[in-house]
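Have a look at the structure below before the remarks.
Letters A, B, ... mirror the listed sequences (proteins, then strands); counts begin at 1.
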Amino acid sequence: MTEFQLGVIEVVNKVPRGKVVSYGQVALYLDMPRAARAVGWILRTAQLDTLPWWRVINNLGRISIKGNMYVDANTQKKLLEKEGIEVSKDFEIDIETYRFQLGFR
DNA sequence: ACGGTGACGAGAT
DNA sequence: TATCTCGCCACCG
């Protein structure tokens with residue numbers, strides 16, 4: 001595990017039920033404001049049971065997962081709705097309503 | 001060591 | 001509103 005991977009896991013685990021953050025927010029919190037894309041890479045390869053990966057969406061408020069062997073957009077949509085988050089049929093979320101503020105360090 | 005690959009993001013068309 | 005482009009950056013072979 002690299003320090004970056006550990007950092008991503010740690011930050012995502014701060015996001016409470018019913019709230020979401022963007023890939024960019026996670027990167028910013030790790031002092032790497034332009035590493036949003038790298039955050040997505042980490043989540044794609046992470047152990048799903050080590051973090052609430054479904055609470056991370058893109059900054060437009062949309063589920064931007066294309067899907068892999070284990071999960072797809074519908075899986076994420078259901079997990080979010082289970083927490084009370086409203087997700088449209090087009091996988092859109094009112095991010096300003098549900099966004100969790102990670103704050104500073 | 002080097003280059004292809006994304007679950008990104010912001011601006012342009 | 002929907003695409004498209006481009007810069008970014010950690011991983012991995």
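- Annotation: side chain of A:K77 is in contact with side chain of A:F91 (closest heavy-atom distance under 4.5 Å).
- Side-chain atoms of A:Q76 come within 3.5 Å of backbone atoms of A:V56 as a donor-acceptor pair (strictly under, hydrogens ignored).
- Looking at every heavy atom in both residues, A:G84 comes nearest to A:Y98 through O-OH, 3.9 Å.
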Test side-chain contact (heavy atoms from CB on, under 4.5 Å) applied to A:V21 and A:K14, step by step: CA-CA 10 Å; A:V21 292; A:K14 291 176 177 296; over 6 Å; no

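- Of the inter-residue distances, the one linking A:Q5 atom CD with A:W41 atom CH2 reads 10.5 Å to the nearest 0.5 angstrom.
- Within 4.0 Å (heavy atoms only), A:Y23 reaches at least one base atom of the nucleic acid.
- Formation of a donor-acceptor pair under 3.5 Å by the A:D90 side chain with backbone atoms of A:E92 is not found in this model.
- Contacts between residues 5-22 of chain A and DNA chain B, counted as heavy-atom distances below 4.0 Å, involve A:S22.
- Map A:E92 and A:T2 each onto its nearest nucleotide of DNA chain C; the residue landing nearer the 5' end is A:E92.
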Could I get a table of every N or O pair under 3.5 Å where one atom is in the protein and the other is in nucleotides 10-13 of chain B?
{"from": "B:dA10", "atom 1": "OP2", "to": "A:N59", "atom 2": "ND2", "distance (Å)": "3.2"}

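- Distance OH (A:Y29) to P (B:dC8): 23 Å, rounded to an integer number of Å.
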A:L80 vs A:I63, side-chain contact (heavy atoms from CB on, under 4.5 Å): CA-CA, chis, key distance, verdict: CA-CA 10 Å; A:L80 289 171; A:I63 289 177; 4.1 Å; yes

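- Atom pair A:D90:CG and C:dT1:P shows a separation of 12 Å (rounding to whole Å applied).
- Less than 4.0 Å separates DNA chain C from at least one heavy atom of each of the following residues of residues 34-42 of chain A: A:R34, A:A35, A:R37, A:A38, A:W41, A:I42.
- Within a 6.0 Å sphere centred on CD of A:E81, heavy atoms belonging to other residues, nucleotides or ligands number more than 12.
- Regarding A:F4, its CZ atom lies at a distance of 12 Å from the P atom of C:dC12, rounded to whole Å.
- Atoms CG (A:L30) and C1' (C:dC9) sit 13 Å apart, rounded to a whole Å.
- By the 4.5 Å heavy-atom criterion applied to side chains, A:V15 and A:V26 are not counted as neighbours.
- Taking atom CD on A:E3 and atom P on C:dC11, their separation rounds to 10 Å, with Å as the unit.
- Looking at A:W54 and A:V20, their side chains never come closer than 4.5 Å, going by heavy atoms from C-beta outward.
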side-chain contact (heavy atoms from CB on, under 4.5 Å) between A:R99 and A:I57, intermediate numbers included: CA-CA 10 Å; A:R99 191 195 292 279; A:I57 62 179; over 6 Å; no

